Chemist: 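First, the structure itself, so that you have it in front of you.
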Amino acid sequence: MKSREDYPYIYFFAEPNVVFVYKIEGDSYVTVSNLSEEGNWETYELSLSDEFENFNHEANIALEGRGYFLRQDDINFMAGKINRLIQSQRKRKALSYEEKGAVHLVSSESTAGALRFGLDRPKTVIAFHALFSIGPVWKMDQKIGQDSRHEWLNENINMEQAEYEFENNFSKTLLEIEDIPEFMPIYIWTANNGNEQTGLRFILHLLKEKDNDIFLINTTELYHQKIDPENEMLYSSMLHPDQLKLLLEQAQSANPLSYQERIQLQREWEDLAQTKDVLRLWKNGRVTNVTEDYFDALILKTIDHLHKEQQTKDFIRTGKVIGETMHQMDEMVGDWYLEYRIRHLIYNGFLELKGVPRSMRHYRVKLREK
């Protein structure tokens with residue numbers, strides 16, 4: 001697919017003679033899923049004498065009442081081109097970030113939602129949807145590593161999202177981080193789990209060329225110190241918006257990360273980015289790679305326990321197996337990963353299957369008879 005820019009319009013040419021024209025009407029980046037909502041689309045057909053390079057939609061009449069099929073990779077290509085044009089205009093117009101206060105970076109969209117709701121304005125919240133505790137992070141700051149990671153996720157994890165949605169959100173977040181002006185203070189929110197601690201190190205790697213003051217808010221530690229010394233809280237997403245606001249107020253007096261602290265965490269990211277492991281946990285104060293089958297024995301033990309509660313051994317809903325397994329885990333890696341491991345146990349003969357394993361809602365399992 002070819003493209004051509006004439007801000008606020010961007011043209012896409014699809015063989016043999018169709019031109020899609022998109023009008024940008026704001027400065028927010030788009031994703032595959034909301035592409036149709038973030039601007040105006042018009043469709044044209046080139047005549048035999050027209051050339052795409054010289055096509056002007058204002059001199060032509062848009063088609064009505066006719067639809068065209070586009071492949072998902074074409075839509076993803078469109079979203080990428082549109083976002084790059086939006087980014088160039090954001091830089092050119094020098095958007096007034098001075099009015100947006102600090103930037104808050106998180107590794108969880110649910111945490112981002114709570115921050116957007118709970119923190120006072122002005123603020124900017126940027127979030128990854130990246131599940132940093134699972135999947136390869138090898139060279140994840142480069143296209144080759146991102147493609148490898150997205151391929152693994154697409155082949156192994158039933159995320160129930162539109163194709164390219166995960167990849168597109170990731171690219172969008174990279175652009176938003178790249179756009180952070182040098183004078184804005186940056187707060188990185190983390191907690192003591194593999195996902196957020198891996199995300200912290202990756203984010204600091206992305207910020208390595210920026211001289212902004214960077215503040216670290218470890219919600220696990222601050223929650224224990226300021227809210228509830230008796231109970232442990234391992235995930236920022238478990239906190240209410242009011243609690244996140246309180247922790248930010250408590251962190252206001254903290255010093256930004258020193259140069260040495262930033263370098264150390266960046267080096268830890270570089271070490272992680274050399275590996276191709278697909279499961280990471282927070283163990284003994286470090287992000288630790290563990291084997292892919294780390295939770296398999298616990299899954300089988302959980303199913304055996306559920307069988308003993310039955311009058312006769314029968315198939316069990318996969319969602320129930322995952323829920324019961326998660327109750328016994330010291331650190332969560334998400335139901336998607338556990339569902340992936342259950343499918344692996346099916347394929348390798350440890351479990352029997354009833355249904356279609358396209359999502360945890362669509363099948364049941366039981367231990368295979370020996």
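All values derive from a computational prediction rather than experimental measurement.
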Chemist: Classify the ring geometry of Y340 against W152: parallel below 30°, tilted from 30° to 60°, perpendicular beyond 60°.
Modeler: perpendicular
Chemist: Only counting residues at least two apart or in another chain, list the ones meeting salt bridge (Lys or Arg N to Asp or Glu O under 4.0 Å) with E261.
Modeler: none
Chemist: So, using side chain to side chain donor-acceptor pair (under 3.5 Å) as the criterion, who are the partners of T312 when residues are at least two apart?
Modeler: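 Residues passing side chain to side chain donor-acceptor pair (under 3.5 Å) with T312: none at all.
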Chemist: Tell me whether H362 contacts the main-chain N or O of P357 through its side chain, where contact means a donor paired with an acceptor under 3.5 Å.
Modeler: no
Chemist: Does any non-hydrogen side-chain atom of E42 lie less than 4.5 Å from one of N40?
Modeler: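 No, their side chains stay 4.5 Å or more apart.
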Chemist: Would you find more than 12 non-hydrogen atoms of other residues, nucleotides or ligands less than 6.0 Å from H305 atom NE2?
Modeler: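 It does not: H305 NE2 has 12 such atoms or fewer within range.
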Chemist: Checking R90 against Q87: is there a side-chain donor and acceptor pair closer than 3.5 Å?
Modeler: no
Chemist: For E196 and S236, indicate whether the former's side chain and the latter's backbone hold a donor-acceptor pair under 3.5 Å.
Modeler: yes
Chemist: Under the salt bridge (Lys or Arg N to Asp or Glu O under 4.0 Å) test, which residues partner E292, sequence neighbours left out?
Modeler: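 Salt bridge (Lys or Arg N to Asp or Glu O under 4.0 Å) list for E292, sorted by chain: R341.
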Chemist: Taking atom CZ of F350 as the centre, report whether more than 12 heavy atoms of other residues, nucleotides or ligands fall under 6.0 Å from it.
Modeler: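 No, because the 6.0 Å sphere around CZ of F350 holds 12 heavy atoms or fewer from other groups.
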Chemist: If two hydrophobic side chains count as joined below 4.5 Å and joins carry through other members, does I177 share a cluster with F183?
Modeler: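 Same hydrophobic cluster.
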Chemist: For a 4.5 angstrom cut-off between non-hydrogen side-chain atoms, does V333 reach L281?
Modeler: yes
Chemist: Can a donor-acceptor pair be found between the side chains of H150 and N154 at a distance below 3.5 Å?
Modeler: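 Checked: H150/N154 side chains show no N/O donor-acceptor pair below 3.5 Å.
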Chemist: Can you confirm whether T325 sits close enough to V321 that some side-chain heavy atom of one is under 4.5 Å from a side-chain heavy atom of the other?
Modeler: yes
Chemist: May I ask you to establish whether R280 and F132 are in a cation-pi arrangement, using a distance under 6.0 Å from NZ or CZ to the six-membered ring centre and at most 45° from the ring axis?
Modeler: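 Pair R280/F132 does not count as cation-pi.
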Chemist: Give every residue pair that meets the salt bridge (charged side-chain N to carboxylate O under 4.0 Å, His left out) criterion with at least one member in residues 102-119, sequence neighbours excluded.
Modeler: E109-R116
Chemist: Determine whether a donor-acceptor pair (N or O, by modelled atom type, separation under 3.5 Å) exists between the side chain of T275 and the backbone of D271.
Modeler: no
Chemist: Please identify each residue that fulfils side chain to side chain contact (heavy atoms under 4.5 Å, CB included) with Q264, with sequence neighbours left out.
Modeler: E268
Chemist: Can you sort out the partners of E339 under side chain to side chain donor-acceptor pair (under 3.5 Å), two or more places apart, ordered by chain and number?
Modeler: N158, R343, Y363
Chemist: Determine whether N17 and E45 make a side-chain contact, defined as any pair of heavy atoms from C-beta on separated by less than 4.5 Å.
Modeler: yes
Chemist: Under the rule for salt bridge (Lys or Arg N to Asp or Glu O under 4.0 Å), what residues qualify as partners of K366, not counting sequence neighbours?
Modeler: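 Once residues adjacent in sequence are excluded, K366 has no partner under the salt bridge (Lys or Arg N to Asp or Glu O under 4.0 Å) criterion.
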Chemist: Salt bridge or not for K308 and D304, using N-O below 4.0 Å?
Modeler: yes
Chemist: Kindly check if the number of other-residue, nucleotide or ligand heavy atoms within 6.0 Å of CZ (F117) is above 12?
Modeler: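 At most 12 heavy atoms, drawn from other residues, nucleotides or ligands, come within 6.0 Å of this atom.
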Chemist: Taking all non-hydrogen atoms of both residues into account, name the closest pair between N60 and N56 and its distance.
Modeler: ND2-O, 2.8 Å
Chemist: What's the shortest heavy-atom distance between R84 and L175, and which atoms?
Modeler: NH1-CD2, 3.2 Å
Chemist: Is the number of heavy atoms from other residues, nucleotides or ligands within 6.0 Å of CZ (R317) greater than 12?
Modeler: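 Atom CZ in R317 is not crowded, with 12 or fewer foreign heavy atoms closer than 6.0 Å.
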Chemist: Taking all non-hydrogen atoms of both residues into account, name the closest pair between V32 and E165 and its distance.
Modeler: CB-OE1, 3.8 Å
Chemist: Does atom CZ of R368 have more than 12 heavy-atom neighbours from other groups under 6.0 Å away?
Modeler: yes
Chemist: For K320, is there an ion pair with E324 - N to carboxylate O distance below 4.0 angstrom?
Modeler: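 Salt bridge flag = no for K320 with E324.
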Chemist: Which residues satisfy the side chain to side chain contact (heavy atoms under 4.5 Å, CB included) test with K139, sequence neighbours excluded?
Modeler: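 Side chain to side chain contact (heavy atoms under 4.5 Å, CB included) list for K139, sorted by chain: Q142, I144.
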Chemist: So do the side chains of L222 and N218 get within less than 4.5 Å of each other, counting heavy atoms only?
Modeler: no
Chemist: What is the minimum heavy-atom distance between G194 and T198, and which atoms define it?
Modeler: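 That closest heavy-atom pairing would be O-OG1, 2.6 Å.
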Chemist: Where do L174 and Q146 come nearest, in terms of heavy atoms and distance?
Modeler: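 In this case the closest contact between L174 and Q146 is CD1-NE2, 3.6 Å.
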Chemist: Could you walk me through whether F12 and I10 pass side chain to side chain contact (heavy atoms under 4.5 Å, CB included), step by step?
Modeler: CA-CA 7 Å; F12 298 97; I10 182 166; 3.7 Å; yes
Chemist: Could you check if a side-chain atom of E151 sits within less than 4.5 angstrom of a side-chain atom of D147, using non-hydrogen atoms only?
Modeler: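 Sidechains of D147 and E151: no contact.
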Chemist: With sequence neighbours excluded, give me every side chain to side chain donor-acceptor pair (under 3.5 Å) pair touching residues 240-250.
Modeler: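 For residues 240-250, and leaving out neighbouring residues, the side chain to side chain donor-acceptor pair (under 3.5 Å) pairs sorted by first residue read D120-K245.
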Chemist: Can you list the residues that meet the side chain to side chain donor-acceptor pair (under 3.5 Å) rule with Y235, with sequence neighbours excluded?
Modeler: none
Chemist: Where do M329 and L338 come nearest, in terms of heavy atoms and distance?
Modeler: SD-CD1, 3.8 Å
Chemist: Go through it in stages, so that I can follow the logic: the residues are I316 and H307, the test is side chain to side chain contact (heavy atoms under 4.5 Å, CB included), and I'd like the CA-CA distance, side-chain angles, deciding distance and then a yes or no.
Modeler: CA-CA 8 Å; I316 305 166; H307 280 323; 3.7 Å; yes
Chemist: For D330, what residues pass the salt bridge (Lys or Arg N to Asp or Glu O under 4.0 Å) criterion, not counting sequence neighbours?
Modeler: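 By the salt bridge (Lys or Arg N to Asp or Glu O under 4.0 Å) rule, D330 matches no residue at all.
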Chemist: Looking at D228 and E230, would you say the former's side chain and the latter's main chain have a donor-acceptor pair under 3.5 Å?
Modeler: yes
Chemist: Can you spot which of I203, L206, V137 makes a side-chain contact (heavy atoms from CB on, under 4.5 Å) with W269?
Modeler: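 With W269 as partner, I203, L206, V137 yield a single side-chain contact (heavy atoms from CB on, under 4.5 Å), made by V137.
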Chemist: State yes or no: are the ring centers of F295 and Y337 separated by less than 6.0 Å?
Modeler: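 Distance test on ring centres: not under 6.0 Å, no.
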Chemist: What class does the angle between the rings of H57 and Y44 fall in, given that below 30° is parallel, 30 to 60° is tilted and above 60° is perpendicular?
Modeler: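 Aromatic pair H57/Y44 classed perpendicular.
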Chemist: If you draw a 6.0 Å radius around CD in E53, do more than 12 non-hydrogen atoms from other residues or ligands fall strictly inside?
Modeler: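 More than 12 within 6.0 Å, yes.
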Chemist: Has N34 got a side-chain atom pairing as donor or acceptor with T31's backbone, closer than 3.5 angstrom?
Modeler: yes
Chemist: Taking NZ, NE, NH1 and NH2 as the nitrogens, is one of them in K313 or E369 under 4.0 Å from a carboxylate oxygen of the other?
Modeler: yes
Chemist: Give me the one residue out of T173, N168, D179, N83 that meets side chain to side chain donor-acceptor pair (under 3.5 Å) with Y29.
Modeler: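 The side chain to side chain donor-acceptor pair (under 3.5 Å) with Y29 is passed solely by D179 among T173, N168, D179, N83.
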Chemist: May I ask you to test the M78-F20 pair for a side-chain heavy-atom distance under 4.5 Å?
Modeler: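 Contact flag for M78/F20 side chains = yes.
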Chemist: Okay, side chain of T219, backbone of T190: is any donor-acceptor separation there less than 3.5 Å?
Modeler: yes
Chemist: List the steps, then state whether side chain to side chain contact (heavy atoms under 4.5 Å, CB included) holds for L272 with N289.
Modeler: CA-CA 8 Å; L272 288 171; N289 291 310; 4.1 Å; yes
Chemist: Under the 3.5 angstrom rule, does the side chain of T111 hit a backbone N or O of S237 as a donor-acceptor pair?
Modeler: yes
Chemist: Calculate, to the nearest 0.5 Å, the distance between atoms OG1 and CD1 belonging to T124 and I186 respectively.
Modeler: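 It is 10.5 Å, given to the nearest 0.5 Å.
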Chemist: Are side-chain heavy atoms of E232 and N192 found at a separation under 4.5 Å?
Modeler: no
Chemist: Could I get the full list of side chain to side chain contact (heavy atoms under 4.5 Å, CB included) partners for K210, not counting sequence neighbours?
Modeler: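 Side chain to side chain contact (heavy atoms under 4.5 Å, CB included) list for K210, sorted by chain: I180, L207, N212.
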Chemist: Report the C-alpha distance between F55 and F13 in whole Å, list the side-chain angles of each, state the deciding distance to 0.1 Å, and finish with yes or no for ring-ring contact (aromatic ring centres under 6.0 Å, His included).
Modeler: CA-CA 10 Å; F55 178 78; F13 176 67; 9.4 Å; no
